[in-house]
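Reviewing the structure listed below.
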Amino acid sequence: MSAGAMGLPRKKFTYDDLRAVPEPLVAELIDGDLLTSPRPGVRHASAASALGGVLFDPFRRGIGGPGGWTILDEPELHLGEDVVVPDLAGWRRERFAAVDRDAVAVKLAPDWLCEVLSPSTARIDRARKLPLYARERVGHVWLIDPVAQTLESFQLANDRWTLLATYEGAAKVRVAPFDAIEIDLVTLWTP
C-alpha cells in the first residue's frame with residue numbers, strides 16, 4: 001500500500017531527484033511524480049529522426065516550405081514544476097526568439113510536439129503528458145506509433161484535445177500545423 005493510499009503525504013520529487021537518475025534512463029517529473037523510462041529503441045528513434053528530417057528543411061530552413069519554425073529533438077521542457085522530454089517539439093520562430101539559447105532547458109511551451117509511442121512510454125504519453133500539454137496550451141500534438149504504423153493528430157480546442165485524424169501505413173498526408181507539405185508515412189516506418 002502506498003503512502004498516499006494510507007493517507008500519508010506522498011513524496012514530491014524535485015529536479016535534483018530527476019538529475020540523480022542514472023543513465024541511460026530518461027527521467028521526467030509530472031505532478032511531483034518521478035517517471036523513468038528506458039532510452040528509445042531503434043524503431044522509436046528511427047521514426048522520430050525521420051520525422052525531424054522531413055520537417056527540418058521546409059519548416060526550419062524554409063527550403064521547399066514556409067520556414068518560420070524552430071524544431072528540436074528531445075528538448076528538456078520545464079513547464080511550471082513539471083519537466084518532460086518529448087521526442088520532438090516545435091515553436092513558431094517569433095515565439096522562440098525569447099528563449100535563452102544557452103539554457104539547458106526550455107521554459108516556453110511549444111506550439112507543436114510529437115511523442116513517439118513505445119510499450120514503455122505510451123501510457124505516460126497519453127495519460128500524463130497529454131493533460132499537461134493541454135494545461136500549457138500546446139496547440140498541436142502528434143502521437144506516432146511505429147509498431148502499429150499510425151500517426152494521430154490532435155488539436156487543442158477549448159482546453160480539450162480534439163482528434164483531427166488518424167493516419168496509417170503508407171498514406172501520404174498533410175497534417176496541421178505542417179500541412180504545407182505532404183509527408184509520406186513510409187519514411188517514418190523504414191529503419
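The model shown is predicted, which means the values in this text are computed figures rather than measured ones.
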Could Asp33 and Lys12 be called an ion pair, given the rule that one side-chain N must be under 4.0 Å from one carboxylate O? no

If only side-chain N and O atoms count, and only distance matters, is there a donor-acceptor pair under 3.5 Å linking Ser46 with Ser49? no

For residues Trp161 and Tyr133, establish whether the separation of their ring centroids is below 6.0 Å. no

Between Glu28 and Arg128, does any NZ, NE, NH1 or NH2 come within less than 4.0 Å of an OD or OE carboxylate oxygen? no

Listed once per pair and sorted, the salt bridge (charged side-chain N to carboxylate O under 4.0 Å, His left out) pairs that draw on residues 62-77, sequence neighbours left out: Arg39-Glu74

Show, in sequence, the C-alpha distance, side-chain angles and deciding distance for Val138 and Trp112, and conclude whether the side chain to side chain contact (heavy atoms under 4.5 Å, CB included) test is met. CA-CA 6 Å; Val138 175; Trp112 163 87; 5.6 Å; no

Test of ring centre spacing under 6.0 Å for His78 and Tyr15: yes

Is there a side-chain contact between Ile63 and Pro58 (heavy atoms, below 4.5 Å)? no

Dump the intermediate steps for side chain to side chain contact (heavy atoms under 4.5 Å, CB included) on Asp184 and Val173, then the final yes or no. CA-CA 7 Å; Asp184 184 350; Val173 300; over 6 Å; no

For Thr187, does its backbone N or O pair with a side-chain atom of Thr190 as donor and acceptor, under 3.5 Å? no

Between Lys129 and Glu136, does a salt bridge (charged side-chain N to carboxylate O under 4.0 Å, His left out) hold up when you go through it step by step? CA-CA 10 Å; Lys129 288 183 169 183; Glu136 294 297 320; over 6 Å; no

Are Arg135 and Asp82 close enough, and set up right, to give a side chain to side chain contact (heavy atoms under 4.5 Å, CB included), and what steps lead you there? CA-CA 11 Å; Arg135 181 195 80 200; Asp82 299 309; 2.8 Å; yes

Do Phe96 and Leu72 make a side-chain contact, defined as non-hydrogen atoms from C-beta onward lying under 4.5 Å apart? yes

Please list all pairs meeting side chain to side chain donor-acceptor pair (under 3.5 Å) that have one or both residues in residues 83-108, counting only residues at least two apart or in different chains. His44-Asp87, Arg95-Asp111

Would you say that Arg137 contacts Leu156 through its side chain, given a criterion of any heavy-atom pair below 4.5 Å between the two side chains? yes

